[in-house]
Structure formats: structure tokens, C-alpha cells
Protein chains: 2
Amino acid sequence: MSREPNENRRPLTLRDVSEASGVSEMTVSRVLRNRGDVSVATRERVLEAAKRLGYVPNKIAGALASQRVNLVGVIIPSLGNLVFPEVLGGISDGLEGSGLQPVVGVTDYSPEKEETVLYEMLSWRPSGVILAGLEHSDAARAMLSNSGIPIVEIMDVDGEGVDSVVGISHRRAGRQMADAIVGSGYKHIGFLGSKMPEDHRARKRLEGFREGLAVAGLDIEDQEFYAGGSALAKGREMTQAILERSPQLDFLYYSNDMIGAGGMLWCLENGKRVPEEIGLAGFNGLPLLDGFSCRLATMDACRREIGLKAAEIISGMPHEGVIGGERIVLEPKLEWGDTIRKR
Amino acid sequence: MSREPNENRRPLTLRDVSEASGVSEMTVSRVLRNRGDVSVATRERVLEAAKRLGYVPNKIAGALASQRVNLVGVIIPSLGNLVFPEVLGGISDGLEGSGLQPVVGVTDYSPEKEETVLYEMLSWRPSGVILAGLEHSDAARAMLSNSGIPIVEIMDVDGEGVDSVVGISHRRAGRQMADAIVGSGYKHIGFLGSKMPEDHRARKRLEGFREGLAVAGLDIEDQEFYAGGSALAKGREMTQAILERSPQLDFLYYSNDMIGAGGMLWCLENGKRVPEEIGLAGFNGLPLLDGFSCRLATMDACRREIGLKAAEIISGMPHEGVIGGERIVLEPKLEWGDTIRKR
DNA sequence: TTGTCTTATGTTAGCGTTAACAGGATTAAG
DNA sequence: CTTAATCCTGTTAACGCTAACATAAGACAA
């Protein structure tokens with residue numbers, strides 16, 4: 001293939017292709033977008049020229065002219081927690097074939113950063129925004145409702161959304177786990193979680209959990225929180241700490257699978273009989289857990305499916321005349337594993 | 001605060017703010033960008049109006065007019081492998097304060113997809129591109145060199161780069177591990193990795209590893225590959241399989257820490273004496289490993305630092321007159337852990 | 001006073017593309 | 001042969017913003 005790269009470094013435009021192929025810019029534009037009727041001969045000439053020059057269309061100009069942007073903003077708290085890449089995977093799949101592309105922003109669980117990231121995203125005039133959680137700053141909420149584009153808040157349904165909402169009820173998930181634990185006869189329960197006031201989903205899970213315990217006249221007898229570091233290692237340390245302080249505990253509820261797995265490792269290595277002497281449970285249904293010989297009880301958070309549904313709402317929107325306001329509540333499934341005794 | 005949201009759904013423009021504050025669009029533009037001299041009184045009036053209306057600037061128009069885009073394309077193979085989010089973290093930090101924003105694209109280790117993602121990104125005319133690896137399709141390489149923007153290829157330095165390169169030598173990393181193993185007196189070595197012809201870094205590591213073994217007259221005696229599924233679980237299964245087939249093995253080299261950890265769990269649970277009877281090593285230095293009571297030998301891949309340096313090259317570029325062609329070779333550090341015997 | 005410099009604002013002309021409309025050429029229908 | 005329909009291509013005017021230049025008013029020195 002004979003290349004003729006752009007040596008002089010002047011960025012190529014439609015005009016260059018148009019001159020190289022002897023047709024108008026408009027015709028080149030039509031060929032490159034497969035829009036409108038163009039004769040086969042012309043099309044081939046144009047494509048050949050574009051390829052030879054190495055022309056890459058300028059979407060900035062295209063978006064401005066057409067008032068359409070094929071981007072969907074996705075705002076999540078973190079990438080380090082495997083949960084979010086999985087949601088992203090679902091979104092990618094759901095957007096497949098729609099011509100839309102996800103663009104990711106990360107907030108580090110900070111409302112201020114969320115606001116900044118959102119502002120930045122909206123300034124690119126995306127076709128929609130998907131963001132985690134229902135809790136946002138007033139300014140962020142205002143931007144969202146003023147934006148005039150479909151908004152999907154994901155992962156949580158305990159509260160009011162701006163537009164559409166897809167997720168699970170974390171309150172109910174906590175409640176369900178409590179019911180299971182109480183039903184299995186555990187009486188002295190400890191909680192281990194992360195020290196994140198801004199992780200509203202973890203908070204709601206804990207609230208639901210305590211409600212469930214309260215029904216049986218129980219409550220959490222001790223708790224332990226961490227911040228930063230390797231979650232697996234923290235789970236181990238916290239488990240040792242809480243059991244030394246409160247040896248009467250017969251069940252430990254972890255706010256996520258990673259610290260849960262760390263705790264499980266510690267218990268097994270320290271001769272605790274699981275699940276007879278002590279029961280354990282986490283949250284999320286991470287595939288990581290498949291790798292341990294003892295399977296931690298957990299609850300699947302429907303991560304992939306949430307992403308999928310959210311993406312479908314965004315990409316399906318234009319058809320149905322921008323109605324919006326959908327609300328999809330998914331049901332997490334309790335996975336008993338080997339760390340809760342059955343009876 | 002009295003809001004006056006955009007009820008009629010017509011997208012707001014600079015003109016709206018200019019009318020609301022009684023100055024020209026240009027002055028509004030200057031205020032919102034903090035550029036040029038504007039009197040304090042005017043500035044406040046404009047800011048008030050912009051805030052009241054809920055105006056969000058249109059970067060599409062801005063970018064087209066100014067020929068500047070504050071985006072940096074980042075192309076990586078996957079988000080599911082914790083390695084890449086860590087690199088991303090480094091990039092974010094390195095871009096901090098430069099006004100540049102990373103935009104992530106994922107290739108799933110497919111050269112075709114890499115080409116598509118790259119094309120898509122370049123069509124937004126970013127200020128730079130950071131991408132993993134040195135191996136690209138001809139078309140991709142052509143796009144990169146034609147783009148006229150700084151390009152940084154990261155994570156690997158074994159080969160020719162298009163422009164700048166930041167990473168480690170995986171060949172050398174494999175070689176170093178081989179030297180350590182041979183030096184510790186292991187003689188019968190097995191390799192466990194992923195079935196990914198497109199993971200060139202893993203391939204180079206293996207090549208370097210075999211070179212190192214060859215020096216001592218050794219070679220890999222058996223190997224096992226996997227694809228898909230939970231890496232921890234796969235590591236476990238493969239370890240069992242390879243040791244049943246080749247019980248003479250006294251060392252297992254894993255292509256990543258996740259399967260290495262799975263293998264380590266299997267060995268410990270099945271009464272293998274580690275590291276006397278059998279030695280183990282992985283690659284990456286994942287913080288996950290801190291959570292196990294037995295620490296897997298591994299090699300830190302300098303993930304964060306790679307991201308940081310790459311970002312600095314991109315953001316430092318404009319100053320030094322777009323020279324480019326930098327080449328930064330980082331040195332991975334062998335972490336002995338508890339799974340290689342010392343002597 | 002005059003002229004020069006500074007500060008604060010406005011005016012004009014694009015940036016590279018696409019929507020909308022306008023034709024000429026060709027074909028089909030009556 | 002006329003009329004309409006279809007196909008192919010071109011022209012014009014935005015899209016919303018900013019670079020560059022223009023201008024007016026005030027500050028200050030000579």
C-alpha cells in the first residue's frame with residue numbers, strides 16, 4: 001500500500017480529501033458517514049483518497065454542526081474496586097451496536113469531585129449520563145435535571161432519582177442477610193466495614209441489616225472500620241482485632257467480599273471452625289471468591305445486569321421520545337457458600 | 001439561592017448569559033475562562049448570571065474555535081486486571097494540575113479493537129495519547145505517527161516505539177526471576193500462564209525466563225495455560241493439574257499474581273512444603289498479596305510510576321517544543337516473599 | 001497639553017463539519 | 001414528448017465558541 005503521510009504536520013481536513021478526490025467536501029462527508037446516495041465510483045475514489053492521506057474525521061466539528069455527540073458519561077466512585085469495572089462491562093455491552101461510547105469519570109467517593117467531573121462531562125454535551133448512587137450535591141442534581149438528556153442513576157434504589165434509576169435495594173439486601181443469619185441461629189453479631197461516610201450503599205446495607213436483627217431482638221455487638229490499604233490484609237487484621245476484643249461473637253458481617261475473604265483466611269488459619277463456631281458473610285458476589293476452598297457467603301449485587309439495563313435505557317431513549325423516569329429494581333440473590341451453618 | 005432553571009429545554013449558550021448580564025459574549029467567555037482583563041464588577045455580574053441560569057460551557061464549540069482539547073487518550077487492554085486501574089491512577093496523578101483529563105479506551109487485548117478505539121479517540125483531537133504496549137497494527141502505527149500529537153507507549157520497552165516510551169523490560173524481568181530461581185537451586189521448573197497470544201508482555205517475560213534458565217542448562221519441563229474464569233480458581237486448578245502430570249517439578253512460575261496466589265493456596269492446603277518442596281513465583285506485586293499469610297514471590301511492575309511518568313511527558317510536552325522521543329526504563333524489583341527458598 | 005500606555009470592552013472572522021436546500025442528469029411513467 | 005420521480009452532487013448557512021484585532025476611556029509622564 002502506498003502511503004503518503006502528512007509530512008508537513010498541518011492537520012488534515014475534509015477539504016484535503018475533497019481536493020485529492022476531486023469532489024466536494026459534502027460528498028466526502030457523505031461517503032465517510034455512509035449517509036445519502038453516492039455513486040459507487042465516487043465512493044471508492046473518496047475512500048481511497050481518505051485512506052491514502054490517513055484522514056481521521058474531526059468529531060469536534062462534526063458534533064458541533066450536527067448537534068449530536070455519540071458519548072455517554074459514566075461516573076463511578078472508583079476503579080480499584082472490581083465492582084465498578086464489572087458494571088462498566090455491562091454498560092459497554094448494553095451500548096454495543098447503538099453507536100454510543102462510554103466515557104468514564106471517577107469521583108473517589110467525593111461529592112465535590114463528582115460535581116467537577118459531572119460539569120466537565122456535561123460540557124461535552126453527551127447523549128446521556130449514567131452515575132452511581134442517588135446522593136449528589138444540590139448543584140450536581142441541578143445540573144442533571146437542567147441537562148435535558150437522559151440520566152440513569154445506578155446501583156441503588158433506596159431514594160428518589162433525578163430521572164431513571166436501575167439498581168438493587170441495599171437496605172433490603174442487608175435485611176435479607178440479617179434474616180438468614182438470625183434464621184440460622186447466630187446470636188452474637190459483629191460488623192466490619194470501611195470508614196467511608198460517603199459510601200451510602202454500604203450505610204444503607206448496614207441500616208437494613210440492623211433492622212433485620214432488631215426484629216429478633218438482636219443488635220450488632222461490636223464493629224470495626226478500616227480505611228486504605230489492601231482490603232484482604234485489612235480484613236485479616238480487623239477480624240483478629242474484633243475477635244480478641246469480643247470473643248463471644250459467633251457471626252461476622254463484612255461490608256464487602258474482599259475484607260470478608262481476608263477475615264475468612266484468618267479464621268481458617270487460626271483454627272476457628274467455620275461455620276459452626278463462627279459464621280461469616282460478605283457482599284458482592286465477586287468471582288474472586290471462587291478461588292478459595294471455603295466459599296464465603298455473599299450476596300450478588302447484579303453488577304453486570306445493572307450496567308446493561310442502564311445502557312439500554314440510554315440507547316433506547318431517542319426512539320421512545322425521551323420520556324425517561326424508568327425505575328428498574330433488581331433482586332440480589334443470597335449465596336450461602338460454606339460460611340453460614342444450615343439448620 | 002434563587003434558581004431559574006432552563007424550563008423550555010433550549011440549550012443555553014454564551015448569548016443567554018451575555019443577555020442576562022448585559023455584556024458581550026466575548027466578555028462572558030473571558031470571565032468563564034479567567035482570561036484577559038475584566039473588571040471585578042463585570043466579572044461578578046457575569047458569574048452570578050451564569051450560575052443562576054445553570055450555564056455549562058460547550059467545550060465542543062470551544063475546542064473547535066481554539067484548536068485545543070484538554071483530553072488525553074489512554075488505551076489499555078482491560079479494566080478487570082487490577083494492574084491497569086493502577087496505571088490509570090498514576091496517569092491521573094501525573095495529569096493533576098495540568099488541566100488535562102484522561103479518557104480511557106479498552107481493547108480487550110484485540111489489535112482490531114485497539115485500532116478502532118484509537119481511531120475514535122483521534123477523531124476527538126486529544127492533546128496526547130498514552131497506550132499500552134509496543135505492538136500495534138500497521139494502520140494504528142500510521143495513525144499514531146500521523147497524528148502530530150505526543151504519543152507515549154507504556155509498560156514495555158522491549159522494542160521500537162512510535163514516539164516516547166515508558167516501562168520496564170519484561171524480557172529482563174523474566175530473566176531476573178530465572179536467575180533467582182536457578183540461584184536458589186531449583187531444577188525442575190513449570191510455567192503457568194494465560195492463553196493470550198496478544199499479551200506480548202507475558203510472552204516476553206516467558207522468553208526472558210527461558211533464556212535465564214538456558215544459561216544454567218535448564219528449560220521449562222511442563223506448562224499449563226488457561227483462558228477466562230476466575231484467575232484465582234484457575235491458578236488452583238492448573239496447579240493441581242500440572243503437579244499431577246509432572247510430580248517432579250520443584251518450582252512453578254506463574255504469569256501473574258492472581259493465578260500464582262490460587263496456586264499457592266492449593267499448595268498450602270494440600271500439604272506441599274513451600275518453599276522447600278516446591279517454590280512459587282508470580283508477577284506484578286499486587287497489593288492483594290499482602291492479605292495472605294504466606295507471601296508469594298513476585299516482581300513489582302512499577303505500575304503507578306509508569307503512569308506518572310507517561311502523564312508527565314504528555315503534560316510537559318508543550319513547554320519544551322514538542323520534541324518527544326523520550327525513553328524511560330524503570331527497574332522492576334524482585335520481592336522474595338516466602339515462596340522461594342534462600343541459600 | 002499631547003502622546004503613550006494600560007485597562008476594559010466590543011467586533012469580526014473563522015474553527016471543520018453537517019443540515020437543508022438547490023439543481024442537473026438520468027430514468028420511469030403516462 | 002412531457003412530467004414526475006430518482007439519483008447524484010454541490011452551495012449556503014449555521015453550530016457555539018475564541019483568536020486577533022479594534023476601540024474607548026482613563027492614567028500617567030513629559
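Because the structure is a prediction, the values reported are computed rather than measured.
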- [ ] Step through the shown structure and confirm whether more than 12 heavy atoms of other residues, nucleotides or ligands are within 6.0 Å of CZ on B:Arg33.
- [x] yes
TODO: Compare every heavy atom of A:Val104 with every heavy atom of A:Met121, then report the nearest pair and how far apart it is.
DONE: CE-C, 3.7 Å
Task: Set of side chain to side chain contact (heavy atoms under 4.5 Å, CB included) partners for A:Thr116, sequence neighbours left out - done: none
Task: Covered region of DNA chain C, 5' end to 3' end, by chain B [heavy atoms, under 4.0 Å] - done: C:dA8 to C:dG16
Task: side chain to side chain donor-acceptor pair (under 3.5 Å) contacts touching residues 92-108 of chain A (sequence neighbours left out) - done: A:Asp93-A:Arg304, A:Asp108-A:Lys113
TODO: Answer yes or no: is there a donor N or O on one side and an acceptor on the other, between the side chain of A:Ser164 and the main chain of A:Glu326, under 3.5 Å?
DONE: yes
Open item on the list: Rounded to the nearest 0.5 Å, what separates atom CG in A:Asp163 from atom OG in A:Ser147?
Closed with: 8.0 Å
Dump every N/O contact between nucleotides 16-19 of chain D and the protein below 3.5 Å, one line per pair.
residue	atom	partner	partner atom	Å
D:dG16	OP1	A:Gln67	NE2	3.2
D:dG16	N2	B:Ala61	O	3.2
D:dC17	OP1	B:Tyr55	OH	2.1
D:dC17	OP2	B:Leu14	N	2.5
D:dT18	OP1	B:Arg33	NE	3.2
D:dT18	OP2	B:Ser29	OG	2.2
D:dA19	OP1	B:Arg68	NH2	2.7
D:dA19	OP2	B:Arg33	NH1	3.1

Task: Rounded distance (nearest 0.5 Å) linking atom CG of A:Asp138 with atom CD of A:Glu115 - done: 9.0 Å
TODO: Return yes when atom NZ of A:Lys309 has more than 12 non-hydrogen atoms of other residues, nucleotides or ligands closer than 6.0 Å, and no otherwise.
DONE: no
Open item on the list: Angle between the two end axes of the helix from C:dT1-D:dA30 to C:dG30-D:dC1, five base pairs per end, rounded to 10 degrees?
Closed with: 40°
Open item on the list: Taking salt bridge (charged side-chain N to carboxylate O under 4.0 Å, His left out) as the cut-off, I'd like each qualifying pair that reaches into residues 147-162 of chain B, sequence neighbours left out, listed once.
Closed with: B:Asp156-B:Lys204
Task: Spatial distance of atom OG (B:Ser39) from atom CD (B:Glu44) [nearest 0.5 Å] - done: 9.0 Å
- [ ] Using only side-chain N and O atoms of A:Ser24, determine if any of them is under 4.0 Å from OP1 or OP2 of D:dT9.
- [x] no
